[in-house]
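The structure presented is a predicted model; accordingly, all values stated were derived computationally and were not measured.
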Amino acid sequence: MPEKVHTRFDDSGDESAKPSTVSESIPVQNTGRKKNRSKKRKRDEPADQLQPPKADRENELHQRENSVTAAAAPIPAPEAKPAIEKVPSSSTATQPPKSKARPKPKPLVDHKTNFTSLREKANTLYEMRKKLPIFGHADEIRQNLRDHDVMLLVGETGSGKSTQIPQFLVNEFWCRPTPAKITKADGKEKSEMVGGCIAITQPRRVAAITLARRVAEEMGTPLGSSSPASKVGYSVRFDTSTSPSTRVKFLTEGMLLQEMLHDPWLTRYSAVVVDEVHERGVNVDLVVGFLRNLVSGKREGRGGIPLKVAVMSATADMESLLGFFQEGFKHPMRSQQAITNGEAEQDGQGTKEISVCHIKGRQFPVKTIYSPEPVHDFVDAALKVIYQIHYKEPMPGDILVFLTGQETVEVLEHLVNEYAVGMDPALPRIQVLPLFAALPQAAQQRVFAPAPPRTRKVVLATNIAETSVTVSGVRYVVDCGKAKVKQFRTRLGLDSLLVKPISKSAAIQRKGRAGREAPGQCFRLYTEKDYLTLDETTTPEILRCDLSQALLNMKARGVDDIVRFPFLTRPPREALEKALLQLLSIQALEETGGISETGLRIAKLPLTPTLGRVLLAAAENDANCLMDVIDIISCLSVENIFLNTNSEEKKEAAETARRDLYRREGDHLTMLATVRAYAAENADRKAWAERHLVSHRAMQSVMDVRKQLRTQCRQAQLLPRDEGHGQLSDPSPILILQSFLTGFAANTARLVPDGSYRTVVGNQTVAIHPSSVLFSKKVEAIMYNEFVFTNRTYARGVSAVQMDWVGEALAGS
DNA sequence: GAGCACTGC
C-alpha cells in the first residue's frame with residue numbers, strides 16, 4: 001500500500017493548475033485495505049423505500065391487510081363547509097378508508113375537509129410555481145397538444161415538468177369526458193364516456209406518490225381517496241388512492257400496463273404523460289410501444305376520440321423517440337379510413353401529429369475535474385479526493401461519492417473513518433454515511449439529516465443516489481465511473497452481475513447531483529479520454545433482461561406478431577425466440593404461437609411467467625399445496641428475507657435462532673416454514689423477526705404479496721371463496737417441489753462424481769449460493785430459481801430434488 | 001462463502 005497520495009486532480013483544461021497533491025497535508029496511516037468482515041456494522045433490515053419513517057408501523061401491523069392509504073389526508077377542520085359529491089355507490093373508491101390503529105384515531109374521511117385552507121396553501125404554492133422554468137411555456141405546451149396528438153418534451157432536471165404538465169393540460173377542452181359510440185368485440189355499438197383523466201407514469205412508486213401529493217397541494221384539492229372530491233390520485237401496487245373525481249392520476253408504468261390488460265384503449269384517459277422515459281426500464285418500452293399503436297391506429301375502441309400522448313425525458317436524446325413515433329404515423333394502423341378523412345400525415349413524415357418542446361432546467365453550473373491519469377483502484381482514489389476536497393474546499397459543502405456496491409461502500413467507509421482519526425483537529429470533522437438499497441431504513445434516513453456544526457457529510461452511495469434518492473447539501477460529487485449491471489445472457493439462460501463502465505448520460509446525471517443547490521464540482525475518477533470512450537446512453541433494460549414476461553404481456557394484449565411490435569429498441573431475434581420457446585415450454589403459448597388459456601391466467605398474475613406457472617401447477621394439486629406454494633412464491637418475489645449475518649456472534653445467534661426454520665429439503669420449504677411461523681406470531685411480529693434475524697420489512701412485503709396472490713386465486717376460483725381459517729395441514733414437500741419443477745425443470749443440476757453440480761440442460765458447472773441452506777451439502781440433484789454469475793456461477797433459491805422427478809418434468813414440458 | 005437499481009389488478 002502506498003503511503004503517499006500521488007493522485008492529483010487538476011481542473012480540466014488547465015494544465016498549469018497548481019498541483020493539488022495532498023500527501024503533505026494528510027496524515028496517512030498504513031491501513032491497507034482490510035477486508036475484515038467482522039468489522040462490518042450490523043445491517044438490521046434491508047430497506048425498500050426511502051420514505052419518512054412511520055411512527056406507527058407497529059400499530060399498523062395488524063391493520064395492514066385491509067388498510068387503504070389515507071395517511072396524508074388533511075386534518076378536517078370543524079368550520080369547513082362540507083363538500084360532498086354524489087358518487088355511485090358501486091365505486092370501490094368511494095369507500096371510506098379504514099383508519100389505521102393510532103393512539104388517537106382521527107377521522108380520515110372528507111366530510112369536513114378544509115377546502116379553504118387547501119386553497120390558501122395552493123395560492124402560496126402558486127407563487128413558487130410561477131418561478132419554475134417550465135411555467136412560461138404553458139401556452140406553448142397547451143397549443144402543441146391542441147395541434148398535435150403527440151408531444152415530445154425534453155425537460156432538464158428542475159424544470160418542473162412532472163408537476164406542471166398535468167396542471168397545464170387538465171382544463172383543456174379535449175380533456176373532458178366525451179360521449180362516444182364504441183363498437184364492442186361482439187359487434188354491438190355501445191354508448192360510453194371516453195376520456196376525462198390524465199395519467200402520468202413514473203418508474204418508481206415513491207415518485208408516483210410524492211408527485212401526486214405535491215400536485216394535489218398545488219391544485220388545492222385533497223389527495224386521492226381521502227375525499228370523493230379529490231382531483232388528484234395515484235396508483236401503485238398495494239396502494240391505490242383515487243376518487244370518482246380524479247382527473248390527474250400518477251401511476252407506475254407497471255400499473256398502467258396492468259390497466260391496459262383490462263382496458264386496452266385506455267378509455268378513461270384523455271392523455272397519457274410518460275415521464276422519465278430516458279431511464280428505459282422494460283415497462284416504459286412496452287408502454288411507449290402500445291401508445292404508439294394507439295395514437296397511430298384507428299381509435300375504434302375509443303369511438304374515434306384521440307388520445308394525447310406526452311413523452312418526457314430529462315436527456316436531449318429525442319431523435320430516436322421522434323423517429324419512433326414518426327414511423328408509427330408513416331405506417332399508420334388506421335390505414336384507409338383515416339386517409340379518406342384527411343387525417344393522415346400530410347408531409348409523409350408524421351410531423352403533423354408530433355411536436356417537440358425543449359425546456360431548460362434550473363441547475364447550477366458544475367465544474368468537471370478529471371483524473372489526469374487512469375485510476376486502477378477507485379476506492380483508494382476516492383479516499384484521496386475526499387480528503388483533497390475536505391482540505392481545500394470551503395464549508396458548507398457535502399460530498400457524494402458514487403461507488404459500485406455494498407462492499408466498496410463499506411471498505412471506503414472504513415478507510416475514511418480511519419484517516420479521520422489522524423486529521424488536524426482544527427479542521428472541520430467528517431461524517432461518513434453509507435447509502436445502498438440493502439441498508440436498514442433508519443440508516444438510510446441518516447443521509448437526509450443535515451450535518452452537525454463544523455462537520456462535512458460524506459455520503460458513500462451506490463447508484464441508488466443516481467435516480468432514486470436526492471441528498472441535499474451536496475456540492476461535490478466523486479464519480480468512480482462504474483456501476484454494477486445486471487445482464488441476462490440468452491444463450492446460457494444466465495444472469496450476470498458485473499461491474500461495468502457507466503454511460504455518458506449516467507456520468508452527466510451523477511455530475512448534476514453536485515449542482516442542485518449551488519455551483520458545484522464533480523471529480524471523475526477517470527480521464528477525459530476515458531470519458532469520451534463511454535457509451536452515449538445506458539443500454540436499455542430490454543436488451544439486458546429475460547424477455548419472457550414482456551412477451552407474455554404483449555401476447556395477452558393481442559400482439560400476435562412480436563416481430564412487428566413497435567419496439568423503441570428492438571431486442572435481438574435470438575432473445576425474442578428464446579423467450580417464446582421458454583413460454584412455450586411452460587404451456588403459456590400454443591404451438592401456433594398464440595397465447596393459451598394457461599398463458600392468459602399467468603399474464604394476469606404479478607409474477608414472472610415461470611412463477612405463475614408454478615402457482616397454476618400447485619392449484620392442480622390441491623388447495624393446501626397452493627396455499628403453501630403461494631407462501632413460497634411470495635418470498636421469492638421479494639428481496640432476501642434472511643438478514644445477512646456479518647459479525648461472528650450474530651452469525652452464531654442466527655444459526656441457533658433459525659434452526660427451527662431450516663428444512664433439509666432446501667430453501668423453498670425453509671421459506672414456507674418462515675412464513676408460517678411469522679404469520680402465526682400474533683403478539684409481536686417485529687420482535688419475532690428480530691429474534692430470528694429475519695427482515696421484518698421483507699416479511700411485510702411477503703405478506704402483501706401473499707394477500708394479493710390469495711385474492712387473485714380466489715377470484716380465479718383456484719381457492720375456495722371463504723377464507724377457511726382451518727388448521728394448517730402439514731406441508732407436502734414432494735407435491736410442492738414437483739409443482740416448482742413444472743416451471744423450473746430447466747433449472748436443475750445433478751451431482752457429479754467430483755462433488756460439483758452440473759446443469760441437467762447444458763452440463764454447466766454451478767455452485768450452490770452461500771446464502772442457501774443447502775450450501776456445501778451434497779444431494780442427488782438440485783432445482784433452483786436463479787442462475788447468477790458474479791464471481792462464479794451460482795444457483796440461488798435451491799432445493800433438493802430427485803432425478804426421476806426432473807426427468808418427468810422435462811418430459812412433460 | 002456472498003447481495004447494482006427499479007417494478008406488478
Side-chain angles (χ1 to χ4, degrees), chain A residues 35 37 40 43 46-50 92 201-208 235-240 251-263 276 279-284 286-287 402-410 435-439 461-469 480 482-487 495-500 502 506 509 538 541 544-545 549-550 552-553 556 603-608 611-612 637-646 651 695 698 701 704-705 707-709 711-712 715-716 767-772 775-776 786 788 790-792 794 796:
Chain A
K35 290 196 177 184
R37 294 196 168 266
K40 279 183 179 176
R43 310 290 180 208
D48 63 32
Q49 304 292 347
L50 284 178
T92 50
T201 69
Q202 291 294 323
R204 280 170 294 280
R205 295 161 49 104
V206 228
S235 178
V236 302
R237 191 183 186 186
F238 308 126
D239 189 0
T240 290
L251 30 58
T252 49
E253 292 150 1
M255 218 55 175
L256 186 71
L257 286 174
Q258 208 60 49
E259 283 191 11
M260 290 182 88
L261 207 53
H262 298 275
D263 179 13
E276 315 281 12
E279 293 193 21
R280 295 296 304 277
V282 192
N283 286 347
V284 90
L286 293 186
V287 163
F402 284 100
L403 297 162
T404 52
Q406 182 177 343
E407 186 179 342
T408 48
V409 165
E410 287 177 340
L435 180 65
F436 45 87
L439 199 67
T462 61
N463 48 10
I464 190 174
E466 209 175 284
T467 48
S468 314
V469 172
C480 77
K482 301 217 154 44
K484 271 192 195 169
V485 185
K486 200 168 187 172
Q487 170 99 40
D495 255 328
S496 60
L497 188 57
L498 300 172
V499 175
K500 292 260 175 74
I502 59 172
Q509 178 80 17
T538 310
E541 196 189 1
R544 294 187 284 115
C545 73
Q549 197 166 8
L552 187 64
N553 249 309
K604 287 179 182 160
L605 295 166
L607 297 170
T608 59
L611 284 176
S637 49
V638 308
E639 57 190 296
N640 197 2
I641 60 168
F642 292 109
L643 293 170
N644 306 320
T645 48
N646 290 323
K651 200 166 167 177
S695 163
S701 313
D704 282 335
V705 180
K707 188 196 162 215
Q708 188 183 29
L709 291 176
T711 306
Q712 282 184 265
Q715 282 164 355
I768 297 176
H769 195 272
S771 64
S772 172
F775 176 65
S776 76
E786 280 184 282
V788 195
T790 49
N791 293 313
R792 55 190 295 201
Y794 284 110
R796 302 186 62 184

What's the closest nucleotide to the side chain of A/M255 if the choices are B/dT7, B/dA2, B/dC9?
B/dC9

Output yes when at least one side-chain N/O atom of A/T462 is less than 4.0 Å from OP1 or OP2 of B/dA5, else no.
yes

Calculate the interatomic distance between A/E410 atom CD and B/dG3 atom P; express it in whole Å.
13 Å

Looking only at atom types and distance, does a side-chain atom of A/E276 sit under 3.5 Å from a main-chain N or O of A/Q202, one as donor and one as acceptor?
no

Looking at every strand, decide which applies to A/V282 at a 4.0 Å heavy-atom threshold: base, sugar-phosphate, or nothing.
nothing

Of the candidate nucleotides B/dA5, B/dG1, B/dC9, which contains the atom at the shortest distance from the side chain of A/F775?
B/dG1

From CD of A/E639 across to C1' of B/dT7 the rounded distance in Å is 13 Å

What does A/R204 touch in the nucleic acid at a heavy-atom separation under 4.0 angstrom: a base, only the sugar-phosphate, or nothing?
sugar-phosphate

Touch check for A/L607, heavy atoms < 4.0 angstrom, all strands: base, sugar-phosphate only, or nothing?
base

Give the rounded distance in Å between these two atoms: CG of A/N640 and P of B/dG3.
12 Å

Nearest to the side chain of A/N463, which nucleotide is it out of B/dA5, B/dC9, B/dA2?
B/dA5

Residue pair A/F775 / A/H769: nearest heavy atoms and the distance that separates them:
CB-O, 3.7 Å

At under 4.0 Å, does any side-chain N or O of A/S468 touch on OP1 or OP2 of B/dC6?
yes

A/N283 CG - B/dC9 C1' separation (whole Å):
14 Å

Expressed in angstrom and rounded to an integer, what is the separation of A/F436 atom CZ from B/dA2 atom P?
17 Å

For a 4.5 angstrom cut-off between non-hydrogen side-chain atoms, does A/F436 reach A/E410?
yes

Using atom NE2 of A/H769 as one end and atom C1' of B/dG1 as the other, report the distance to the nearest whole Å.
9 Å

Side chain of A/P770, heavy atoms from C-beta onward: which of B/dC9, B/dT7, B/dG1 has the nearest atom to it?
B/dG1

Give the rounded distance in Å between these two atoms: NZ of A/K482 and C1' of B/dA5.
18 Å

Look at all strands and tell whether A/T790 reaches a base, only sugar-phosphate, or nothing, counting heavy atoms closer than 4.0 Å.
sugar-phosphate

Would the distance check show the side chain of A/E639 and the main-chain N or O of A/S701 forming a donor-acceptor pair, the cut-off being under 3.5 Å?
no

Length of the line joining A/L435:CG and B/dA5:P, which is rounded to integer Å
9 Å

For a quick test of reading the model: is some side-chain N or O of A/R237 closer than 4.0 Å to OP1 or OP2 of B/dC9?
yes

Checking contacts here: which listed nucleotide (B/dA2, B/dA5, B/dC9) is nearest the side-chain heavy atoms of A/I464?
B/dA5

Check whether A/R280 reaches the backbone of A/T538 with its side chain - one donor and one acceptor, N or O, closer than 3.5 Å.
no

Please find the pair of heavy atoms, one from A/V485 and one from A/K500, that lie closest to each other, and give the distance.
CG2-CB, 3.9 Å

Comparing A/E541 and A/Q712 on DNA chain B - which has the more 5′ nearest nucleotide:
A/E541

